[in-house]
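Here the structure is laid out as structure tokens; the discussion comes afterwards.
Residue numbers run from 1 in the order of the sequence given. Counting starts at 1 for both ligands and their atoms, in listed order.
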Amino acid sequence: MQTITVHASQAYPIWISHGLLAECGTLVRQQTKAQTAVVVTDDTVNELYGDTVTAALEQSGFRVLKFVFPHGEASKCSKTLNEIYDFLCGNNLTRTDCLVALGGGVVGDITGFAAATYLRGMDYVQIPTTLLAQVDSSVGGKTAIDLPGGKNLVGAFKQPVCVLCDPDTLRTLPRKFLADGMGEVIKYGMIWDEKLFALLEQYDLDRIHEVMDQVIASCVDIKRQVVEHDEFDTGERMILNFGHTLGHAVESYYHYVTYTHGSAVAAGMCMMAKKTCAEDVYQRLCRCVTAYELPTKVPAPMAELVPLCGNDKKRASASLRFIVCQHIGKAEIRSMPFTEFAAWMGGEQA
Ligand code: NAD
Ligand code: GLY
């Protein structure tokens, strides 16, 4: 088993190993004195892994309750959050009990936010079951729900007491979501680790399982380092947003339907690289993105994407910060008045 310890405001271990779900009770027991553990999950993940996790927690002496909501981003909302609060209240959960987020980033984000706020804060455990959640959302303590006005608009920083990452769970993940997570994995190679990028270049979406443990551990360790330097996202943590400025614009332009987050980020990285990198770097990135069945561009004209970059309603007078990787493995934060950015990018073909 690999252990990576995050030294944030609260230090916590991330364990990576096959078969961890069936052993989760012993590990969670080491991290909390809770008597009751509430497993929060979605219907798809519950069907696949709910019983295994419940049995393992019960074997370690927890009283286990389960709250299940419908899968999908639409559930990451105040209605589901209120239902979770009501469930905790109705079952007399105390501040010394704990929540267990079993699922992808949707489950992790809303469970983390419930843990950050219910009774002014209680412990929670992350058991991520998508690649995106294993390499990104379960690490670093960002929790949130969406509002009708936008994604992740209400949230809190709340670190989990531990993260249990079982690569076996990725075997049941639909191909589309595996590719989606690979968008973020490629991003880590681009912003931080040329060796990781070179490893990814040797595989594709069918064969990446052969080295998945190594890939997950590398990504988690990069995120650990970034979070340890800038836990509350006031500076360097922004490099994790490489590809996201244009990626968010792509998601928004296509109403969050046509492109998953990871595929929008992949296209966003390539579009930014085309503008800022030498041809060989751009070509390497495009080849890698294509090998993982992700897009290198989108049909939308750049002139229509650029106005959707950033979320500042007064962006005409504001500066836009965005990430550039001129060299593989190295990211820099750039800042430009929005109007200048629009003129600079505007003439590009997406
Ligand atoms: P998700 O949680 O919706 O999971 C994707 C789908 O996969 C769901 O339908 C789910 O039921 C299913 N699923 C999950 N695990 C499975 C498995 N092992 N086998 C089969 N099906 C499985 O989406 P996601 O991509 O994991 O996460 C996206 C969310 O993460 C977004 O809300 C995003 O805002 C958030 N996010 C948060 C952070 C952070 O730092 N907190 C970072 C990145 C993304
Ligand atoms: N996913 C971006 C962050 O954690 O900061």
Side-chain angles (χ1 to χ4, degrees), residues 6 8 20-21 40-50 52-53 68-77 80 101-113 115-116 124 126-147 150-160 163 165-185 187-188 191 212 219-220 222-244 247-248 251 256 259-265 323:
V6 182
L20 266 195
L21 256 53
V40 181
T41 189
D42 70 32
D43 52 352
T44 305
V45 178
N46 181 44
E47 191 75 20
L48 290 162
Y49 303 113
T52 306
V53 167
V68 184
F69 61 79
H71 66 274
E73 185 72 30
S75 287
K76 206 176 101 175
C77 62
T80 313
L102 172 67
V106 165
V107 169
D109 277 14
I110 196 167
T111 308
F113 188 63
Y124 79 110
Q126 288 272 17
I127 308 186
T129 62
T130 63
L131 181 57
L132 180 138
Q134 294 188 353
V135 300
D136 189 357
S137 62
S138 67
V139 181
K142 279 191 182 176
T143 73
I145 59 163
D146 303 331
L147 294 182
K151 280 186 66 172
N152 297 324
L153 288 185
V154 178
F157 287 96
K158 170 79 175 169
Q159 303 295 339
V163 181
C165 198
D166 184 345
D168 285 348
T169 60
L170 303 182
R171 294 278 177 189
T172 55
L173 195 62
R175 195 171 178 85
K176 174 176 103 161
F177 291 115
L178 188 67
D180 189 61
M182 285 308 300
E184 297 288 353
V185 170
K187 177 199 76 182
Y188 283 114
I191 64 168
M212 194 56 103
C219 295
V220 165
I222 294 167
K223 183 135 188 199
R224 172 193 69 75
Q225 293 174 67
V226 174
V227 167
E228 285 180 354
H229 281 122
D230 181 21
E231 178 176 356
F232 298 108
D233 202 8
T234 57
E236 185 189 348
R237 188 163 175 167
M238 202 194 157
I239 65 171
L240 296 171
N241 285 347
F242 178 51
H244 286 60
H248 286 147
E251 285 183 283
Y256 298 89
Y259 293 91
T260 60
H261 177 69
S263 59
V265 166
I323 310 304

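Side-chain atoms of His244 and Glu184 form a donor-acceptor pair, as typed in the model, at a separation below 3.5 Å. For the 3.5 Å distance criterion, the side chains of Thr172 and Tyr49 qualify, holding a donor opposite an acceptor.
A distance of 11.0 Å separates CD1 in Ile127 from CD in Gln134, rounded to the nearest 0.5 Å.
Ligand 2 is surrounded by Asp136, Lys142, Lys223, Arg237, Leu240, each with at least one heavy atom closer than 4.0 Å.
Contact check for Asp42 versus Val106: no side-chain heavy atoms found under the 4.5 Å cut-off. A heavy-atom distance below 4.5 Å is not found between the side chains of Asn152 and Lys142.
Lys223 contributes a side-chain N or O that, together with a main-chain N or O of Asp136, makes up a donor-acceptor pair within less than 3.5 Å.
Take Tyr259 and apply the ring pair (Phe, Tyr, Trp, His ring centres under 6.0 Å) test, not counting sequence neighbours, and it matches Tyr254. Residues satisfying the ring pair (Phe, Tyr, Trp, His ring centres under 6.0 Å) criterion with Tyr256, sequence neighbours excluded, are absent altogether.
In this structure, Glu236 places its CD atom where more than 12 heavy-atom neighbours from other residues, nucleotides or ligands lie under 6.0 Å away.
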In a simple table, one pair per line, please give the protein and ligand 1 atom names for every N or O pair closer than 3.5 Å, along with the distance.
from, atom 1, to, atom 2, distance (Å)
ligand 1, 2 (O), Gly105, N, 3.1
ligand 1, 2 (O), Val106, N, 3.1
ligand 1, 11 (O), Asp42, OD1, 3.2
ligand 1, 11 (O), Asp42, OD2, 2.8
ligand 1, 15 (N), Thr129, O, 3.3
ligand 1, 15 (N), Thr129, OG1, 2.8
ligand 1, 18 (N), Thr129, O, 3.0
ligand 1, 18 (N), Thr169, O, 2.9
ligand 1, 18 (N), Thr172, OG1, 3.3
ligand 1, 19 (N), Thr172, O, 3.3
ligand 1, 19 (N), Thr172, OG1, 2.8
ligand 1, 26 (O), Gly105, N, 2.8
ligand 1, 26 (O), Thr130, OG1, 2.6
ligand 1, 27 (O), Gly105, N, 3.1
ligand 1, 32 (O), Glu73, OE1, 2.7
ligand 1, 32 (O), Glu73, OE2, 3.2
ligand 1, 32 (O), Lys76, NZ, 2.8
ligand 1, 34 (O), Lys76, NZ, 3.1
ligand 1, 34 (O), Asn152, ND2, 3.4
ligand 1, 41 (N), Asp109, OD1, 2.9
ligand 1, 41 (N), Lys142, O, 2.8

